[in-house]
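Have a look at the structure below before the remarks.
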Amino acid sequence: QVQLVESGGGSVQAGGSLRLSCAASGYSFSSYRMGWFRQAPGKEREGVAVISTGGASTYYADSVKGRGTISRDNAKNTLYLEMNSLRPEDTAMYYCAARSGYNPYGILSDRGYNYWGQGTQVTVSS
């Protein structure tokens with residue numbers, strides 16, 4: 001069956017860095033656009049970064065632009081998100097998700113994603 005398993009979250013101080021990973025299995029990873037999303041308590045889920053199937057195109061939310069890097073290794077069926085200069089407002093549950101094809105709801109919309117992971121918690125203290 002399809003599985004997306006996130007890892008790499010944790011508690012860090014402001015200014016620190018984390019590298020999140022998402023291990024995918026049970027579907028053709030390289031054929032799916034992949035995204036990272038996050039949801040803070042009391043807030044709606046928001047798109048953080050999206051990457052095309054081959055990795056050549058990446059898209060970022062303004063809130064993480066310049067601090068985050070999304071990448072993928074199709075040979076390892078793994079998605080990554082490296083976050084630097086972390087801020088307390090980055091505190092959230094981070095999810096990876098897979099979508100087949102172009103997203104008509106918008107590049108960073110969480111609508112229409114076929115598969116989701118269970119999430120990994122990131123907590124940034126000031």
Side-chain angles (χ1 to χ4, degrees):
Q1 74 276 21
V2 173
Q3 278 194 310
L4 294 175
V5 180
E6 301 94 337
S7 61
S11 296
V12 297
Q13 289 196 324
S17 300
L18 279 176
R19 189 192 196 203
L20 307 183
S21 299
C22 169
S25 61
Y27 72 103
S28 180
F29 178 76
S30 61
S31 299
Y32 282 68
R33 179 171 294 200
M34 297 296 296
W36 284 101
F37 300 85
R38 66 186 182 186
Q39 187 167 23
K43 294 190 176 182
E44 292 188 354
R45 188 165 56 192
E46 64 174 349
V48 176
V50 171
I51 189 167
S52 60
T53 55
S57 299
T58 56
Y59 312 88
Y60 297 93
D62 288 343
S63 57
V64 302
K65 206 168 288 184
R67 302 187 298 121
T69 302
I70 187 172
S71 62
R72 66 190 296 163
D73 186 336
N74 285 345
K76 294 182 178 180
N77 288 354
T78 303
L79 174 74
Y80 304 99
L81 177 68
E82 185 155 0
M83 291 281 292
N84 302 309
S85 302
L86 284 162
R87 306 166 180 168
E89 52 264 40
D90 292 319
T91 295
M93 186 72 78
Y94 283 71
Y95 301 90
C96 64
R99 180 186 168 86
S100 176
Y102 170 74
N103 190 347
Y105 304 107
I107 290 292
L108 292 171
S109 171
D110 64 350
R111 294 177 65 185
Y113 272 75
N114 303 88
Y115 310 122
W116 289 87
Q118 294 300 305
T120 186
Q121 177 69 37
V122 172
T123 302
V124 184
S125 57
S126 57

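As a basis for the values below, the full set of heavy atoms in this structure was taken, side chains included, without hydrogen atoms, waters or symmetry mates.
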One should read off an interatomic distance between Phe37 CZ and Leu81 CG, to the nearest 0.5 angstrom, of 11.5 Å
Nearest heavy-atom approach of Ala49 to Tyr60 is CB-CD2, 3.6 Å
Rounded to the nearest 0.5 Å, the SG atom of Cys22 sits from the CG atom of Asn77 at a distance of 10.0 Å
Open item on the list: Looking at Asp62 and Lys65, is there a salt bridge between them, counting it only when a charged N and a carboxylate O are closer than 4.0 Å?
Closed with: yes
Report task. Answer with yes or no whether the hydrophobic clustering places Val12 together with Tyr80; edges join I, L, V, M, F, W, Y residues whose side-chain heavy atoms lie under 4.5 Å apart. Result -> no
For Ile107 and Val50 the tightest heavy-atom approach is O-CG2, 3.3 Å
Taking the side chain from Asp90 and the backbone from Asn84, do they hold a donor-acceptor pair closer than 3.5 Å?
-> no
Exercise. Spell out, as yes or no, whether a donor-acceptor pair under 3.5 Å connects the side chain of Glu6 to the backbone of Gln118.
Key: yes
Q) With a 4.5 Å limit on heavy-atom distance, are the side chains of Leu4 and Tyr27 in contact? A) yes
Between the CE atom in Met34 and the OG atom in Ser71, the distance rounded to the nearest 0.5 Å is 11.5 Å
Query raised in the report: When hydrophobic residues are tied together by side-chain contacts of less than 4.5 Å, even through go-betweens, does Tyr113 share a cluster with Tyr59?
Result: yes
Look at the side-chain heavy atoms of Ile, Leu, Val, Met, Phe, Trp and Tyr, link any pair under 4.5 Å apart, and say whether Ile51 and Trp116 land in one connected group.
no
Heavy atoms of Ser28 and Tyr32 approach each other most closely as O-CD1, 3.2 Å
Handout entry: Verify same cluster id: Ile70, Leu20 (apolar side-chain graph, 4.5 Å)
Key = yes
Nearest heavy-atom approach of Ala40 to Ala92 is N-CB, 3.8 Å
Interatomic distance, CG@Asn103 vs CZ@Arg33, rounded to 0.5 Å, equals 7.5 Å
In short, Arg99 meets Pro104 closest at the heavy-atom pair NH2-CD, 3.0 Å
Separation between OG (Ser52) and CZ (Arg72), nearest 0.5 Å, reads 7.0 Å
| Is there a path from Leu79 to Val2 through hydrophobic residues (I, L, V, M, F, W, Y) whose side chains come within less than 4.5 Å of each other? | yes
Is atom CD of Glu89 surrounded by more than 12 heavy atoms (other residues, nucleotides or ligands) closer than 6.0 Å? yes
Taking every heavy atom of Val64 against every heavy atom of Arg38, the minimum-distance pair comes out as CG1-NH1, 3.9 Å
Distance col, row Gln13:CD vs Thr123:OG1, nearest 0.5 angstrom, shows 12.5 Å
Sidechain-backbone polar pair: Thr91 side chain, Val124 backbone, donor-acceptor under 3.5 Å: yes
